[in-house]
Amino acid sequence: MRIATWNVNSVSARLPRLLEWLASVRPDVVCLQELKCDSDAFPAAEVAELGYEAAAYGVGRWNGVGVLSRVGLEDVTRGLIDEPDFESRAEPRAIAATCGGVRVWSVYVPNGREPGHPHYDYKLRWLAALHGTAAKEAASGRPFAVLGDFNVAPTDADVWDISLFAESTHVTEPERAALAALRDAGLTDVIPRPLKHDHPFTYWDYRAGAFHKNMGMRIDLVYADQQFAAAVTDAYVDREARKGKGPSDHAPIVVDLDL
DNA sequence: ATGTCGGTTCACAACCGA
C-alpha cells in the first residue's frame with residue numbers, strides 16, 4: 001500500500017497538478033491539507049475519474065483537510081476529540097478515515113504566527129487535543145498514522161539555518177515537547193528520504209528562491225503507530241512536485257507499506 | 001532581501017495568512 005500526504009495550498013489552484021501527480025505516483029491513500037474550499041466544493045468528480053473516493057472537510061478560504069482513497073474509505077471522522085476553537089470559531093484541520101484497514105488522520109496544525117500570539121497558544125492546545133485523539137486511536141488495535149502539516153520542525157537539523165529561528169515558531173521547546181508527547185504515546189516519526197541534498201525538507205517558501213537554494217523545513221510529518229511503522233518499506237519526499245510552474249510550497253511525502 | 005503565492009473584497013488594488 002502506498003500512502004501519501006501533501007499540503008496542496010488550495011486544491012482548486014492545484015487541481016491540474018494534483019491530478020497529474022495522482023496519475024503518475026498512484027498512491028492508494030492521500031492525506032491533503034490546505035484545501036481552501038468548502039467541503040461540497042471539493043473536486044470529487046475529477047479525482048473519481050482516477051479511481052479515488054474523497055472525504056473533505058473545508059470551510060471557506062482557510063485551512064481544509066481531506067482524504068482520498070482507492071482502497072475503500074470508511075468511518076470518516078471530522079475534527080479531533082475536544083478540539084479547541086480559535087476566536088470562538090471551529091476550524092477544519094483534522095479528518096480521519098479507514099482505508100484498506102489502515103486508519104489515517106490528515107491534519108493541518110495551526111501555524112502559531114509568533115510565540116506569545118494567541119494563535120501560538122491555540123497551536124499548543126490543538127496539539128494537546130491531537131495527542132488525546134491519537135492516544136485513543138493507538139488503543140484501537142488497527143494500524144494507524146497521523147499524517148500532515150504539523151508546522152513544527154522536530155530538530156534543529158530540520159530547518160535550513162537554525163540561527164535564523166531565534167524568535168520564531170516551529171522550533172520552540174513547547175512545540176517540540178508536543179511532538180515528543182506523541183512519540184511517548186507510541187508513535188514513530190517516519191523520516192522520509194530526501195531525493196536530493198542532506199535533509200528531507202518538505203516546505204520551501206515561495207519567496208527568495210528558497211527552493212532553489214534549499215532553504216527548507218521538515219514540517220510535514222508521518223507519525224505512525226507500531227503496526228504502521230513496522231510495515232514501512234520506503235518513504236521519500238517527492239521534491240519533483242515542488243518544481244516547475246504553479247507548485248504548492250510543500251512537497252508530498254510518499255510512504256510504501258507491506259502490510 | 002517582507003523578494004511569492006492564493007483567496008477575498010465596500011472587487012480592476014489592497015488586505016490577510018502563510
Side-chain angles (χ1 to χ4, degrees), chain A residues 5-21 31-43 46 56-66 83-94 106-127 130 147-154 158-172 175 178 201-221 237-253:
Chain A
T5 181
W6 194 9
N7 179 326
V8 290
N9 188 18
S10 170
V11 73
S12 55
R14 214 63 58 212
L15 188 58
R17 289 196 60 136
L18 174 62
L19 297 175
E20 179 186 24
W21 183 82
C31 295
L32 298 172
Q33 300 88 37
E34 283 210 81
L35 301 179
K36 296 187 173 180
C37 69
D38 289 333
S39 298
D40 60 9
F42 187 87
E46 288 84 347
Y57 179 28
V59 180
R61 73 191 110 154
W62 307 122
N63 316 306
V65 286
E83 182 169 342
D85 293 343
F86 184 63
E87 295 177 345
S88 303
R89 281 188 289 274
E91 298 183 322
R93 294 182 175 276
S106 175
V107 301
Y108 178 47
V109 176
N111 173 285
R113 300 191 188 160
E114 57 188 34
H117 192 284
H119 209 262
Y120 178 81
D121 293 327
Y122 169 53
K123 181 179 194 172
L124 296 179
R125 286 185 285 116
W126 202 94
L127 284 164
L130 178 60
L147 306 94
D149 180 355
F150 282 66
N151 270 316
V152 180
D158 293 316
V159 299
W160 80 94
D161 183 351
I162 190 63
S163 72
L164 301 176
F165 285 75
E167 308 297 325
S168 302
T169 59
H170 295 61
V171 300
T172 68
E175 292 168 277
F201 296 150
T202 62
Y203 162 84
W204 301 261
D205 198 290
Y206 285 123
R207 293 169 287 191
F211 179 68
H212 182 69
K213 299 176 196 165
N214 201 33
M215 294 162 57
M217 304 170 70
R218 185 171 79 94
I219 54 175
D220 299 270
L221 306 174
V237 180
D238 186 4
R239 70 190 304 281
E240 298 302 310
R242 182 63 178 78
K243 295 180 177 178
K245 187 172 171 54
S248 170
D249 43 1
H250 294 253
I253 299 169

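Model, not experiment: these values are computed from the prediction. Atoms considered below: every heavy atom in the structure, side chains included; atoms not considered: hydrogens, waters and symmetry mates.
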C1' atoms of B:dG6 and B:dA11, separation to the nearest Å: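 It comes out at 16 Å once rounded to the nearest Å.
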
Between B:dC10 and B:dC16 - P atom distance, rounded Å: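 Their P atoms lie roughly 13 Å apart.
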
A:W126/A:Y108 under ring pair (Phe, Tyr, Trp, His ring centres under 6.0 Å): CA gap, chis, key distance, verdict: CA-CA 10 Å; A:W126 202 94; A:Y108 178 47; 8.7 Å; no

What is the distance, rounded to the nearest whole Å, between atom [atom1] of [X] and atom [atom2] of [N]?
{"X": "A:R207", "N": "B:dT4", "atom1": "CZ", "atom2": "C1'", "value": "7 Å"}
{"X": "A:F86", "N": "B:dA18", "atom1": "CZ", "atom2": "C1'", "value": "14 Å"}
{"X": "A:Y108", "N": "B:dG17", "atom1": "OH", "atom2": "P", "value": "12 Å"}
{"X": "A:E114", "N": "B:dG17", "atom1": "CD", "atom2": "C1'", "value": "13 Å"}
{"X": "A:Y203", "N": "B:dT4", "atom1": "OH", "atom2": "P", "value": "13 Å"}
{"X": "A:W204", "N": "B:dC5", "atom1": "CH2", "atom2": "P", "value": "16 Å"}
{"X": "A:L164", "N": "B:dT2", "atom1": "CG", "atom2": "P", "value": "10 Å"}
{"X": "A:D249", "N": "B:dG17", "atom1": "CG", "atom2": "P", "value": "17 Å"}

Pair A:D238-A:W21, side-chain donor/acceptor within less than 3.5 Å: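 There is such a pair between these side chains.
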
Donor-acceptor contact below 3.5 Å, side chain A:K213 vs main chain A:A208: yes

Main-chain N/O of A:N7 paired to A:E34 side chain as donor or acceptor, under 3.5 Å: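 The answer is no, because no donor-acceptor pair under 3.5 Å joins these two groups.
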
Upstream residue (5' side of DNA chain B) when A:G112 and A:P247 are each assigned their closest nucleotide: A:P247

Upstream residue (5' side of DNA chain B) when A:D149 and A:G209 are each assigned their closest nucleotide: A:G209

Glycosidic conformation of B:dC12, taking syn as within 90° of 0 and anti otherwise: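 Syn conformation for B:dC12.
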
Check ion pair A:R17-A:E20 (N to O, under 4.0 angstrom):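 No, this pair does not count.
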
Sugar-phosphate only, base, or nothing, as touched by A:K245 at under 4.0 Å among non-hydrogen atoms: nothing

Parallel, tilted or perpendicular, as decided by the 30° and 60° cut-offs, for the rings of A:H119 and A:F86: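 If you compare the ring of A:F86 with that of A:H119, the planes turn out perpendicular.
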
Between the protein and nucleotides 7-12 of chain B, which nitrogen or oxygen pairs come in under 3.5 angstrom?
residue	atom	partner	partner atom	Å
B:dG7	OP1	A:S10	OG	2.0
B:dG7	OP1	A:S12	OG	3.0

Non-neighbouring partners of A:N111 that pass side chain to side chain donor-acceptor pair (under 3.5 Å), sequence neighbours left out: none

